[in-house]
Amino acid sequence: MDQTRVFKIASIPADGVGKEVVAAGRKVLQAVAAQSNGKFAFDWTEFDWGCEYYAKHGVMMAPDGLETLKDFDSIYFGAVGWENVPDHVSLWGLRLNITQNFDQWANIRPVKFLPGVTSPLRKADNTELDWIVVRENSEGEYAGLGGRSLSGRGPGNEIALQTALFSEKGCERIIRFAFELARTRTVKKVSSVTKSNAQQYGMVLWDETFERVALEFPDVRTESVLVDAMSAKFILNPEDLSVVVASNLNADIFSDLGSALAGSLGLAASANLNPERRFPSMFEPVHGTAPDIAGQGICNPIGAIASAALMLDHFGLQAEARQVQAAIESATAAGQLTRDIGGTADTQTATDAIVAALSSTLAAV
Ligand code: ATP
């Protein structure tokens with residue numbers, strides 16, 4: 001028999017429900033590997049970085065953490081943030097530290113409407129809805145440029161500058177990525193989102209780059225939409241969307257809107273990709289630490305499990321990725337739903353239902 005391919009995965013559950021959903025995703029991935037007849041296996045290393053680590057060590061991750069992570073095939077991440085650490089410290093200290101330093105410039109966030117899950121948009125009919133938000137993940141509004149000053153002038157006089165960075169190269173690579181992704185989909189269309197009427201420098205550069213790159217993809221339909229109009233479109237004409245490409249902040253907001261429309265924040269998956277593969281990519285649910293339900297064993301594991309499917313796809317295991325997605329859909333169609341999407345299943349029951357559905361979906365994909 002051929003040698004087993006072993007994928008080295010760094011697992012960083014971090015905080016809140018991150019711990020619960022990463023455990024669920026690992027369980028599904030282990031089941032997929034077990035069914036592969038020795039074709040592949042996963043070698044897991046878990047890191048205890050996050051806000052508890054910060055309480056002990058004063059930092060969010062080990063000082064040589066990035067060096068350590070470089071050797072992994074990918075990173076499987078939970079969620080970061082807790083009340084003992086200011087949000088901007090925890091986010092920059094761990095998640096953004098990884099995405100920025102590993103140049104994970106493309107953030108892919110599919111919005112998938114699942115069978116058996118009722119959404120506000122499902123009221124009218126059962127139109128098939130699924131689109132992908134492609135988020136610029138390395139610059140834009142989250143470039144971390146700026147500063148605070150003048151506090152010496154006394155209370156009420158401090159100023160802050162938060163500068164967005166748009167480079168032509170940064171715009172071009174994410175826009176090109178979106179077009180290439182659109183070519184792989186049934187509906188070949190890219191919607192570009194900016195606010196170039198009000199933000200006349202960076203976002204006009206984005207718009208012009210979009211128009212230029214679009215010329216190379218005559219087979220892909222395009223539209224340029226202002227961010228406010230796109231918010232309405234997500235709700236009024238979602239069937240018109242296929243690939244939506246936007247800057248860091250705008251796409252961050254949109255993907256939450258999309259997953260809420262699909263039924264819950266707990267459903268949305270994401271991949272932070274370094275498409276050149278110079279660094280490991282990172283896979284994580286879109287949702288945060290959900291402190292209101294953390295530790296109760298009731299959170300929805302689907303966002304994390306669907307992110308694990310994106311990781312399989314990244315490893316070149318496309319059939320297995322489809323198998324996991326099909327197992328999710330089979331479990332929701334059978335009514336195995338956590339509370340956030342109207343059911344009564346706890347995290348473990350929902351995860352086990354997906355694991356159980358894996359064997360029946362293997363034949364189907
Ligand atoms: P953070 O500061 O970490 O982003 P947050 O509460 O602001 O936390 P989320 O963690 O994304 O943001 O949670 C927003 C809402 O969505 C909460 O009501 C939470 O319970 C719910 N939610 C998030 N993730 C899940 C999940 N996996 N299952 C069920 N509900 C979830």
Side-chain angles (χ1 to χ4, degrees), residues 11-28 49-55 60 76-99 107 109-114 116-120 133 135 142 248-249 251-270 272 282-310 324 328 331-332 336-354:
S11 144
I12 311 176
D15 305 311
V17 294
K19 295 190 176 78
E20 297 161 62
V21 298
V22 161
R26 280 182 66 160
K27 197 169 182 182
V28 173
W49 301 333
C51 291
E52 281 171 35
Y53 188 91
Y54 186 94
M60 290 297 295
Y76 191 46
F77 194 87
V80 66
W82 208 247
E83 60 194 15
N84 61 322
V85 187
D87 277 348
H88 64 280
V89 173
S90 58
L91 194 63
W92 276 100
L94 188 56
R95 189 187 166 280
L96 288 176
N97 197 11
I98 297 170
T99 56
N107 184 201
R109 298 181 152 191
V111 178
K112 186 112 191 114
F113 286 64
L114 297 171
V117 182
T118 311
S119 106
V133 175
R135 169 184 174 194
Y142 294 1
N248 220 328
L249 171 67
D252 195 11
I253 297 169
F254 276 143
S255 38
D256 267 31
L257 177 60
S259 47
L261 289 172
S264 165
L265 272 179
L267 297 172
S270 95
N272 300 283
M282 180 160 75
F283 302 83
E284 55 165 352
V286 166
H287 64 75
T289 55
D292 51 338
I293 55 165
Q296 298 177 34
I298 57 168
C299 62
N300 192 335
I302 289 181
I305 294 171
S307 305
L310 295 175
V324 171
I328 292 171
T332 58
Q336 294 286 359
L337 309 175
T338 45
R339 290 178 206 189
D340 55 310
I341 45 176
T344 54
D346 59 18
T347 310
Q348 194 167 337
T349 311
T351 307
D352 290 345
I354 293 169

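Note that ligands are numbered from 1 as they come in the structure, with each ligand's atoms numbered from 1 the same way.
By the criterion of a heavy-atom distance under 4.0 Å, the side chain of D340, and not its backbone, is placed next to ligand 1.
Of the protein's heavy atoms, none falls inside 4.0 Å of atom 21 (C) of ligand 1. Less than 4.0 angstrom separates atom 7 (O) of ligand 1 from none of the non-hydrogen atoms of the protein.
Of the residues T118, L114, L267, the one that meets the side chain to side chain contact (heavy atoms under 4.5 Å, CB included) test with I341 is L267.
Contact atoms of ligand 1 toward T289: 1 (P), 3 (O), 8 (O), 10 (O) (distance under 4.0 Å to a heavy atom of the residue). Annotation for ligand 1: atoms under 4.0 Å from non-hydrogen atoms of P291 are 6 (O), 8 (O).
The OG1 atom of T289 sits 5.5 Å away from the CH2 atom of W82 when rounded to the nearest 0.5 Å. With values rounded to the nearest 0.5 angstrom, M60 atom CE is found 5.5 Å from D15 atom CG. To the nearest 0.5 Å, the span separating CG on L96 from OG1 on T99 amounts to 4.5 Å. Taking OH of Y54 as the start and CG of L94 as the end, the distance is 12.5 Å to the nearest 0.5 Å. Put simply, CG on L257 and CG on D252 are 12.0 Å apart, with the number rounded to the nearest 0.5 Å.
Between atom 18 (O) of ligand 1 and the options D292, V21, D256, the minimum heavy-atom separation is to D292. Counting only non-hydrogen atoms, the option in C299, G288, P301, G81 that gets closest to atom 12 (O) of ligand 1 is G288. Which of V80, L265, D87 comes nearest to atom 16 (O) of ligand 1 through a heavy atom is settled by distance: it is L265. Nearest-residue assignment for atom 28 (N) of ligand 1 (options L267, T347, N300; heavy-atom criterion): N300.
Some N or O of A290 is nearer than 3.5 Å to an N or O of ligand 1, by distance alone. In terms of polar-atom proximity, defined here as any N/O pair under 3.5 Å, G266 makes no such contact with ligand 1.
What sits closest to atom 30 (N) of ligand 1 on the protein, heavy atoms only, is I293 CD1, 3.6 Å.
Contact analysis leaves V17 out of contact with ligand 1, as no non-hydrogen atom separation drops below 4.0 angstrom.
Not one N or O on the side chain of R339 forms a donor-acceptor pair closer than 3.5 Å with the backbone of T344. Between the side chain of N272 and the backbone N or O of M282 there is at least one donor-acceptor pair closer than 3.5 Å.
Residues D352 and T349 have side chains that never bring a donor and an acceptor to within less than 3.5 angstrom of each other.
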